[in-house]
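Before any comments, here is the structure.
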There are 2 protein chains.
Amino acid sequence: MRQDNRLPRVLHALLHLNEMTNPATSDQLAGMLNTNAAVVRRTMSGLREQGLVTSMKGHGGGWFLAKPLSEITLADVYEALGAPRLFALGCGDDTSSCLMEQAANSATAKALQAASDTFIASLSTVTMADIAKDFEAKMLELGLPTNDFSYQSGKYK
Amino acid sequence: MRQDNRLPRVLHALLHLNEMTNPATSDQLAGMLNTNAAVVRRTMSGLREQGLVTSMKGHGGGWFLAKPLSEITLADVYEALGAPRLFALGCGDDTSSCLMEQAANSATAKALQAASDTFIASLSTVTMADIAKDFEAKMLELGLPTNDFSYQSGKYK
DNA sequence: GAATCATGTAACTTGAGTTGATACGTGATT
DNA sequence: AATCACGTATCAACTCAAGTTACATGATTC
């Protein structure tokens, strides 16, 4: 399967939304994320349904945060995306009548379950605000003004 | 992407090999794993290279264990398969010049790394012999003789 | 109220990678 | 010499995110 990059993508989008004063259109976000508007709408729709962001139609419309980043954990975002399949690995078919196969599948499933638990737990401990803080720290480190978001030739400033 | 079931499949195969007195042909294993001989050969080739199993050509040839199950951990098997990609999720493109994207990708990567570490650690603590023991326990529980491996109409006995 | 902007959504194509299937070469046994 | 079985290459099938296009709907502006 091709890689599913929706999670890091949406995290990226939320960071940008946090820095904007006006709603960002799907086209603007698409430019930031190097994709197109339809993908943005499709991907962000889950976040809207979960109340993480709001979208408005018409002139001056677009996307904006529905709550502060400090109240959004990475786990919230992952869930809002529909908790997409985490693993490329499967644990076999559980309908087999072979006891050996059941034992093999069960052993695989246990390891995957442990990994999944760790993943969710890891996401739960981090808020979007934490990521924003990391970003700002790096900006300072590079000697850049933290209010300059013209990361690519000022294209989206 | 389609799910990668090589790990549970190979575990299943190893359990069967452990119970056989003669080498198992690829065709026999294919029957046990509900696939075909070419897939078996392809999938098992990594295990042969890592010295977990041996294969012999010609009359009476086939696959057999190169070491006892107690000396094979699930991590060994996973590595022998080439440590196939674990996640369906990606952590984004790390060549981006956008610091926000880097922060988003980094946060995703951390969670994936933690999950991967847990997965490998979990695999490392279990040997194939442990799985075989689980299997035998279930056989006893069901009141079946532990030396009866005719799990499907005695087809492979 | 007409034009424009922007979301909402559907339909189709593309791309990556395991799996399934077939074929054929090579070595070992009888 | 015939047969068995592995070793390997090739090709099609299937899955699902991502890319793309198109069009309907609603909100704003003039």
Side-chain angles (χ1 to χ4, degrees), chain A residues 1-10 12-13 17 20 22-49 53-64 66 78 81-93 108, chain B residues 1-10 12-13 17 20 22-49 53-64 66 78 81-93 108:
Chain A
M1 168 197 342
R2 194 173 173 180
Q3 273 192 312
D4 177 355
N5 283 299
R6 283 177 289 180
L7 181 59
R9 245 190 187 165
V10 169
H12 184 191
L17 287 184
M20 303 194 67
N22 298 320
T25 67
S26 298
D27 264 326
Q28 285 178 308
L29 285 174
M32 299 170 182
L33 306 183
N34 285 311
T35 180
N36 65 65
V39 173
V40 170
R41 292 189 197 113
R42 187 197 296 158
T43 309
M44 297 284 284
S45 66
L47 305 211
R48 181 185 58 234
E49 289 164 13
V53 299
T54 306
S55 63
M56 290 189 63
K57 291 183 174 180
H59 242 96
W63 302 85
F64 53 93
Y78 179 67
L81 286 174
R85 188 160 62 87
L86 175 57
F87 299 111
L89 263 62
C91 59
D93 182 3
T108 306
Chain B
M1 176 197 330
R2 192 172 174 180
Q3 271 193 307
D4 177 356
N5 283 298
R6 282 176 291 182
L7 180 59
R9 248 192 185 162
V10 170
H12 183 191
L17 287 184
M20 303 196 65
N22 297 321
T25 67
S26 298
D27 264 325
Q28 286 177 308
L29 285 175
M32 298 171 182
L33 305 183
N34 285 310
T35 179
N36 64 67
V39 173
V40 170
R41 291 196 270 263
R42 187 197 298 158
T43 309
M44 297 283 284
S45 66
L47 304 211
R48 180 185 57 236
E49 287 165 13
V53 298
T54 307
S55 63
M56 291 189 65
K57 292 183 175 180
H59 242 97
W63 303 84
F64 54 94
Y78 179 68
L81 286 174
R85 189 159 62 88
L86 175 57
F87 299 111
L89 263 63
C91 59
D93 181 4
T108 307

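Numbers restart at 1 for each chain; the letters A, B, ... are given by sequence-line order, proteins then strands.
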Scan nucleotides 20-24 of chain C against the protein and return all N/O pairs shorter than 3.5 Å with their distances rounded to 0.1 Å.
unit_1	atom_1	unit_2	atom_2	d
dG20(C)	OP1	Arg9(B)	NH2	3.4
dG20(C)	OP2	Arg9(B)	NH1	3.2
dG20(C)	OP2	Arg9(B)	NH2	3.2
dG20(C)	OP2	Thr35(B)	OG1	2.8
dG20(C)	O6	Arg42(B)	NH2	3.2
dA21(C)	N6	Arg42(B)	NH2	2.9

Using atom [atom1] of [X] as one end and atom [atom2] of [N] as the other, report the distance to the nearest whole Å.
{"X": "Leu81(B)", "N": "dG17(C)", "atom1": "CG", "atom2": "P", "value": "17 Å"}
{"X": "Phe87(A)", "N": "dT18(C)", "atom1": "CZ", "atom2": "P", "value": "17 Å"}
{"X": "Asp27(A)", "N": "dT7(C)", "atom1": "CG", "atom2": "P", "value": "7 Å"}
{"X": "Leu29(B)", "N": "dG7(D)", "atom1": "CG", "atom2": "P", "value": "12 Å"}
{"X": "Gln3(A)", "N": "dG19(D)", "atom1": "CD", "atom2": "P", "value": "13 Å"}
{"X": "Asn22(A)", "N": "dC5(C)", "atom1": "CG", "atom2": "P", "value": "16 Å"}
{"X": "Leu47(B)", "N": "dG7(D)", "atom1": "CG", "atom2": "P", "value": "12 Å"}
{"X": "Asp4(B)", "N": "dA16(C)", "atom1": "CG", "atom2": "C1'", "value": "13 Å"}

So, Ser26(B) and Trp63(B): side-chain donor and acceptor under 3.5 Å apart, yes or no?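 Indeed, the side chains of Ser26(B) and Trp63(B) share at least one donor-acceptor pair under 3.5 Å.
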Under 4.0 Å from OP1 or OP2 of dG8(C): is there any side-chain N or O of Ser55(A) that close?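 Yes, because at least one side-chain N or O of Ser55(A) sits under 4.0 Å from OP1 or OP2 of dG8(C).
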Using OP1 and OP2 only, check whether a side-chain N or O of Thr25(B) sits under 4.0 Å from dA5(D).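 No.
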Would you sort out whether Asp4(B) and Arg9(B) count as a side chain to side chain contact (heavy atoms under 4.5 Å, CB included), showing the intermediate values? CA-CA 10 Å; Asp4(B) 177 356; Arg9(B) 248 192 185 162; over 6 Å; no
Gap between atom [atom2] of [Y] and atom [atom1] of [X] - 0.5 Å precision:
{"X": "Leu7(A)", "Y": "Leu86(A)", "atom1": "CG", "atom2": "CG", "result": "10.0 Å"}
{"X": "Arg48(B)", "Y": "Arg41(B)", "atom1": "CZ", "atom2": "CZ", "result": "10.5 Å"}
{"X": "Asn34(B)", "Y": "Leu29(B)", "atom1": "CG", "atom2": "CG", "result": "12.0 Å"}

Please list each protein N or O that sits under 3.5 Å from an N or O in nucleotides 26-30 of chain D, with the distance.
unit_1	atom_1	unit_2	atom_2	d
dG26(D)	O4'	Lys57(A)	NZ	3.3
dG26(D)	N2	Gly58(A)	N	3.2

Which of the following nucleotides, dT19(C), dA17(D), dT8(D), is nearest to the side chain of Arg6(B)?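 Shortest atom-to-atom distance from the side chain points to dT19(C).
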For the residue pair Arg42(B) and Thr35(B), establish whether any side-chain heavy-atom pair is separated by less than 4.5 Å.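 No; the side chains remain at least 4.5 Å from each other.
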Quick check: on DNA chain D, is the nucleotide nearest Ser45(B) upstream (toward 5') of the one nearest Thr43(A), or the reverse? Name the residue that is more 5'.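 So the residue in question is Ser45(B).
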Intermediate values then yes/no, side chain to side chain contact (heavy atoms under 4.5 Å, CB included), Leu33(B) and His12(B): CA-CA 8 Å; Leu33(B) 305 183; His12(B) 183 191; 3.2 Å; yes
Start with the C-alpha gap between Asp27(A) and Asn36(A), add the side-chain angles, then the distance that decides, and say whether side chain to side chain contact (heavy atoms under 4.5 Å, CB included) holds. CA-CA 7 Å; Asp27(A) 264 326; Asn36(A) 65 65; over 6 Å; no
Search all heavy atoms of Thr54(A) against all heavy atoms of Ala66(A) and return the closest pair with its distance.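 Thr54(A) and Ala66(A) have their closest heavy atoms at OG1-CB, 3.5 Å.
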